[in-house]
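Hydrogens, waters and symmetry mates play no part in the numbers below; they use all other heavy atoms, side chains included. No experiment lies behind these values; they were computed from the predicted model shown.
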Amino acid sequence: MPVSSDGGAEPSALADDNGSEEDYSYEDLCRASPRYLQPGGEQLAINELISDGSVVCAEALWDHVTMDEQELGFKAGDVIQVLEASHKDWWWGRSADREAWFPASFVRLRVNQEELSEGASGSPGEEPAEDAGRGRHKHPESKRQMRTNVIQEIMDTERVYIKHLRDICEGYIRQCRKHTAMFTVAQLATIFGNIEDIYKFQRKFLKDLEKQYNKEEPHLSEIGSCFLQHQEGFAIYSEYCNNHPGACAELAGLMKQGRYRHFFEACRLLQQMIDIAIDGFLLTPVQKICKYPLQLAELLKYTTQEHSDYSNIKAAYEAMKNVACLINERKRKLESIDKIARWQVSIVGWEGQDILERSSELIHSGELTRVTRQGKSQQRTFFLFDHQLVACKKDLLRRDVLYYRGRTDMDAVELVDLEDGRDGARTLGVRNAFKLVSRTGDEAHLFCAKKPEDKARWLQACRDERRRVQEDRAMGMEISENQKKLAMLNAQKAGHGKSKGYGGGCPSAPPLQSLRPVHQRHVTVPASLPQQQVFALAEPKRKPSLFWHTFNKLTPFRK
């Protein structure tokens with residue numbers, strides 16, 4: 001039972017529904033799963049294994065294309081031998097007889113290391129000569145053992161995860177609430193988000209897993225139904241993952257003061273937590289929700305079609321992949337609305353409701369000629385968002401300044417492709433033209449592109465806009481009113497003191513500080529920050545837009 005700061009014993013802050021909670025001693029958890037003892041603890045375990053002479057292998061999740069000689073290039077599915085994992089972002093490894101740094105977020109450690117270590121020295125997927133023709137791991141007994149290993153890993157990591165969540169809730173949150181002079185309610189909500197709700201949910205989930213776990217014959221365990229029963233509950237991770245960057249920023253600000261550093265360290269010691277900083281603990285839910293699809297994919301690999309749990313495991317894998325995809329999509333949307341808000345603030349003479357009232361994604365932009373009913377041509381720069389098309393006019397002298405000139409409701413119009421020739425409604429010749437025709441009246445907007453390829457891109461973009469609106473509805477994708485208001489407020493603050501029409505551009509991520517190599521033979525850790533894959537473990541359903549790469553050419557973000 002935890003002890004309060006003033007010496008008294010306190011009951012568990014979050015007891016189980018029936019008033020009890022299955023407890024595991026820390027020593028039991030250590031023996032059960034040494035690789036997953038702590039947030040980011042795989043690094044320590046990997047280096048221990050390497051020091052003991054073990055071969056540690058990882059499988060590439062994505063292609064890593066690089067022109068930097070310091071970095072190791074590979075394809076998705078390649079096997080990489082991990083030689084050092086001291087740095088959390090970059091590991092040192094060997095692939096195809098070459099050693100170099102590679103981004104740790106691009107790979108995953110396999111559950112069954114022995115399967116990879118035998119073939120690590122050869123090409124990926126190549127079997128040693130002595131095993132050729134033997135059909136390694138296809139023997140039923142071997143496959144049962146592999147399934148046992150994966151089931152055991154899932155159970156062990158789930159129990160360790162529960163301990164971490166309990167430590168956060170009882171070791172940090174409870175103590176912070178006692179010190180109202182140090183923390184406001186808003187600060188605690190920012191730092192810890194909905195992690196208490198996650199703790200309650202995960203306890204129920206683990207209880208169901210334990211019921212389905214076959215201790216005598218783990219390979220017969222049927223845990224797929226647990227994931228399916230709770231798949232809607234995993235949606236609570238979306239809020240936490242979206243809140244996490246703000247939590248890190250708030251925490252970093254507090255940690256600049258010595259009294260907060262001492263306070264959090266005292267909380268850790270009082271709770272008898274492992275030697276990891278609070279930000280490491282707060283990262284565990286993000287890591288956990290991303291790990292489920294990987295574990296289920298591994299379990300499916302060693303579950304035969306004749307197994308009673310096969311169909312449920314297959315469905316659970318797809319369900320958890322969709323959960324990760326939805327979280328990834330919401331994360332991308334939140335990042336997008338910040339950019340959109342800054343863009344709106346930079347537009348001169350904006351009228352009407354904020355762009356974020358209806359839209360959350362910029363799909364396409366470029367110059368078009370709009371032709372009025374009177375046959376008058378207007379050169380405009382158009383920005384196509386979900387639900388609306390915004391028209392702007394460039395300043396004649398300062399071409400990097402845009403003026404607001406109206407918008408079109410994409411929900412209320414239909415796209416009509418026009419052949420080159422005479423437009424009947426305006427009795428004039430048009431080329432590379434298309435219309436947006438009102439669904440309710442006779443109103444129509446005629447647009448002409450400069451080149452056929454430009455027109456083709458606009459037609460595709462308009463189709464994409466309709467498809468994405470439908471996908472968002474199907475996925476239940478919504479941005480809360482508070483998040484929209486916060487994005488606009490931050491954009492207005494960022495633009496305060498700047499001349500109208502010159503918005504603050506999208507800041508680039510600070511470069512990763514170079515670290516001294518652990519071994520003299522190593523070159524310096526690459527200065528570039530590896531692509532963040534925390535929210536992209538499921539394959540994204542949409543290709544990333546290239547628009548933001550050329551945004552400076554089209555908006556007042558240039559200085």
Practice task
Assess whether side-chain hydrogen bond (donor to acceptor under 3.5 Å, both in side chains) is satisfied between Q212 and D208, documenting all intermediate values.
Solution key: CA-CA 7 Å; Q212 298 298 113; D208 287 345; over 6 Å; no
Practice task
Determine, step by step, whether S336 and E361 satisfy the side-chain hydrogen bond (donor to acceptor under 3.5 Å, both in side chains) criterion, reporting the C-alpha distance in whole Å, the side-chain angles of both residues, the deciding distance to 0.1 Å, and the verdict.
Solution key: CA-CA 6 Å; S336 179; E361 183 175 11; over 6 Å; no
Handout entry: W101 and W90 aromatic centres sub-6.0 Å
Key = no
Problem - Exam field: side chain N214 to backbone E216, donor-acceptor pair closer than 3.5 Å - result: yes
Exercise for the section: Identify whether the distance between the nearest side-chain nitrogen and carboxylate oxygen of E196 and R177 falls below 4.0 Å. Expected result: yes
Problem - Considering all heavy atoms, the nearest A104-W91 contact - result: CB-CE2, 3.5 Å
Problem - ring-ring contact (aromatic ring centres under 6.0 Å, His included) evaluation trace for H219 with Y302 - result: CA-CA 9 Å; H219 69 278; Y302 297 113; over 10 Å; no
Practice task
Please step through side chain to side chain contact (heavy atoms under 4.5 Å, CB included) for the pair M488 and I337, ending with a clear verdict.
Solution key: CA-CA 9 Å; M488 288 304 305; I337 67 172; over 6 Å; no
Handout entry: Lys NZ or Arg CZ of R261 over F264 ring: under 6.0 Å, within 45°
Key = no
Handout entry: Test item: S221 side-chain N/O and P218 main-chain N/O as donor-acceptor pair under 3.5 Å
Key = yes
Exercise for the section: Compare all side-chain heavy atoms of R159 with those of I162 and state whether any distance is below 4.5 angstrom. Expected result: no
Problem - Heavy-atom check, side chain of I313 versus side chain of R147, under 4.5 Å - result: yes
Completion exercise
Scanning both residues in full, the closest heavy-atom pair of S95 with V79 reads OG-O, 4.0 Å
Fill in the blank from the handout: Exactly one of E158, Q202, H164 clears side chain to side chain donor-acceptor pair (under 3.5 Å) with K288, and that residue is E158
Practice task
Measure from the ring center of F227 to the ring center of Y317 and say whether it is less than 6.0 Å.
Solution key: no
Problem - Exercise: do E318 and N322 side chains pair donor with acceptor under 3.5 Å - result: no
Problem - Parallel, tilted or perpendicular: ring planes of F74 versus F102, cut at 30 and 60 degrees - result: perpendicular
Handout entry: Under-4.0 Å salt bridge between D275 and R268
Key = yes
Exercise for the section: With the side chain counted from C-beta on, respond yes when I289 and M320 share a heavy-atom pair under 4.5 Å apart, and no when they do not. Expected result: yes
Exercise for the section: Side-chain contact test, heavy atoms from C-beta onward, threshold under 4.5 Å: evaluate it for P285 versus L165 and give yes or no. Expected result: yes
Handout entry: Donor-acceptor pair, side chain of N490 and main chain of L486, under 3.5 angstrom
Key = yes
Completion exercise
Result for side chain to side chain donor-acceptor pair (under 3.5 Å) between E471 and one of R473, R468, R467 points to R467
Practice task
Look at the side chain of H307 and the backbone N and O of D309, then say whether any donor-acceptor pair between them is shorter than 3.5 Å.
Solution key: yes
Practice task
Please report the C-alpha distance between F281 and M273 in whole Å, then the side-chain angles of each, then the deciding distance to 0.1 Å, and finally whether the side chain to side chain contact (heavy atoms under 4.5 Å, CB included) criterion is met.
Solution key: CA-CA 10 Å; F281 280 100; M273 299 160 70; 3.7 Å; yes
Handout entry: Candidates D411, D386, D472 - the one meeting salt bridge (Lys or Arg N to Asp or Glu O under 4.0 Å) with R358
Key = D411
Practice task
Give the C-alpha distance, both sets of side-chain angles, the deciding distance and a yes or no for side chain to side chain contact (heavy atoms under 4.5 Å, CB included) between Q81 and V56.
Solution key: CA-CA 6 Å; Q81 183 180 353; V56 177; over 6 Å; no
Fill in the blank from the handout: Heavy-atom nearest pair, E153 first then T157, reads O-OG1, 2.7 Å
Practice task
Evaluate the side-chain proximity of S360 to F385: yes if any heavy-atom separation is below 4.5 Å, no if none is.
Solution key: no
Handout entry: Check: T284 and I168 side chains under 4.5 Å, non-hydrogen atoms
Key = yes
Problem - Heavy-atom side-chain contact between M182 and R259 under 4.5 Å - result: yes
Exercise for the section: Check A316 against G224 and note the closest heavy-atom contact, atom names and distance. Expected result: CB-O, 3.8 Å
Exercise for the section: Would you confirm whether Q187, through its side chain, and T184, through its main-chain N or O, come within 3.5 Å as a donor-acceptor pair? Expected result: yes
Practice task
Assess whether side chain to side chain contact (heavy atoms under 4.5 Å, CB included) is satisfied between C57 and V55, documenting all intermediate values.
Solution key: CA-CA 6 Å; C57 295; V55 177; 3.8 Å; yes
Problem - Minimal non-hydrogen separation, C176 against L188, with atom names - result: CB-CD2, 3.6 Å
Practice task
Answer yes when D338 and R342 have at least one side-chain N-carboxylate O distance shorter than 4.0 Å, and no when they do not.
Solution key: no
Handout entry: Y260 ring center within less than 6.0 Å of F183 ring center
Key = yes
Exercise for the section: Kindly say whether I236 contributes a backbone atom to a donor-acceptor pair with the side chain of N194 at under 3.5 angstrom? Expected result: yes
Exercise for the section: Locate the shortest heavy-atom distance separating G171 from C267; write the atom from each residue and the value. Expected result: O-CB, 3.2 Å
Practice task
Determine whether L251 and L282 make a side-chain contact, defined as any pair of heavy atoms from C-beta on separated by less than 4.5 Å.
Solution key: yes
Practice task
Return yes when atom CD of Q353 has more than 12 non-hydrogen atoms of other residues, nucleotides or ligands closer than 6.0 Å, and no otherwise.
Solution key: yes
Practice task
State whether the number of non-hydrogen atoms from other residues, nucleotides or ligands found under 6.0 Å of K314 atom NZ is greater than 12.
Solution key: no
Handout entry: side-chain hydrogen bond (donor to acceptor under 3.5 Å, both in side chains) assessment of S308 paired with E222
Key = CA-CA 7 Å; S308 57; E222 300 178 1; 2.3 Å; yes
Exercise for the section: Begin from the C-alpha positions of N149 and Q145 and carry the test side-chain hydrogen bond (donor to acceptor under 3.5 Å, both in side chains) through to its verdict. Expected result: CA-CA 6 Å; N149 293 347; Q145 183 57 49; 2.9 Å; yes
